[in-house]
Amino acid sequence: MDKIRVNFVCLGNICRSPMAEGLFIHKIKEEGLEKYFEVDSSGTGGWHVGEPADPRMREVAKQHGVHLPSRARKFIAQDHEDFDYILAMDGNNYGDILDLRKGTKKEKAEVFKMRDFDKDHVGKDVPDPYYGGKEGFQKVYEMLARSTAELLAHIRKERGI
Ligand code: 4NP
């Protein structure tokens, strides 16, 4: 069976999408589903390419026993052909992702906003914590913990695993 390929996308690929990626990996490991998945993250902007997650995001992750393996890379048009599920953290990311979809040969990926999987907050953004204080990072963690759990449940149902 082909792997189910999931790509979490934000602007810088150092705060929100690395946290989403780390949480999703943590959950598939807990549920014994690693063999079914390939998980990645990326950013629509290229300023931080090659960098690990922001130390403030890594600190929150560590407090919750979550590892963040990402090195920042830029989201590219090819990602639409390579991934099954693309999760945008906010409306700007969503628009930028769709702009890169035009002209791709195979429009494989389903593109969602991450909080479409956060029950009472469908359609809302995961706010960018980069220029704010510590509490913003904790809030992002909480939103992503709920949303990634629901996303996994959705994929399990859709794929029958
Ligand atoms: P992220 O946060 O999109 O959640 O990774 C940001 C990180 C860096 C910048 C913007 C957002 N930046 O402008 O450098």
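FYI, side chains are in, hydrogens and waters are out, and symmetry mates aren't considered; it's all heavy atoms of this structure. We count ligands from 1, going down the list as the structure has it; atoms in each ligand are counted the same way.
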What part of [X], side chain from CB on, backbone N/CA/C/O, both or neither, has a heavy atom under 4.0 Å from ligand 1?
| X | answer |
| --- | --- |
| Met89 | neither |
| Asn13 | backbone |
| Asp128 | side chain |

Element-labelled atoms of ligand 1 that are located less than 4.0 Å from some non-hydrogen atom of [X]:
| X | answer |
| --- | --- |
| Cys15 | 1 (P), 2 (O), 4 (O), 5 (O) |
| Leu11 | 3 (O), 10 (C), 11 (C) |
| Ile14 | 5 (O), 7 (C), 8 (C) |

Salt bridge check, [Y] against [X]: does any charged N sit closer than 4.0 Å to a carboxylate O?
| X | Y | result |
| --- | --- | --- |
| Asp40 | Arg73 | yes |
| Glu59 | Lys134 | no |
| Asp118 | Arg146 | yes |

Top protein contact for [atom], by heavy-atom distance:
| atom | value |
| --- | --- |
| atom 9 (C) of ligand 1 | Tyr130 CD2, 3.6 Å |
| atom 13 (O) of ligand 1 | Tyr131 OH, 3.3 Å |
| atom 4 (O) of ligand 1 | Arg16 NE, 2.8 Å |
| atom 1 (P) of ligand 1 | Cys10 SG, 3.5 Å |

Next item on the list: Please determine which of Arg115, Lys113, Lys139 meets the salt bridge (Lys or Arg N to Asp or Glu O under 4.0 Å) test together with Asp125.
Entry: Lys113
Check: Within 45° of the axis and under 6.0 Å from the centre of the six-membered ring of Tyr130, does NZ or CZ of Arg56 qualify?
Finding: yes
Check: Are any of the N or O atoms of His48 closer than 3.5 Å to those of ligand 1?
Finding: yes
Margin query: Would Gly12 count as being in polar contact with ligand 1, using the rule that some N or O on each side must be under 3.5 angstrom apart?
Written below: yes
Next item on the list: Apply salt bridge (charged side-chain N to carboxylate O under 4.0 Å, His left out) to the pair Lys119 and Glu150, showing each step before the final yes or no.
Entry: CA-CA 8 Å; Lys119 274 193 190 88; Glu150 196 55 41; 3.6 Å; yes
Note to self: Check the orientation of Phe112 and Tyr85. Use parallel for under 30°, tilted for 30 to 60°, and perpendicular for over 60°.
What the structure shows: parallel
Notebook entry, point to check: Under a 4.5 Å cut-off applied to non-hydrogen side-chain atoms, are Asp90 and Val126 in contact?
Noted result: no
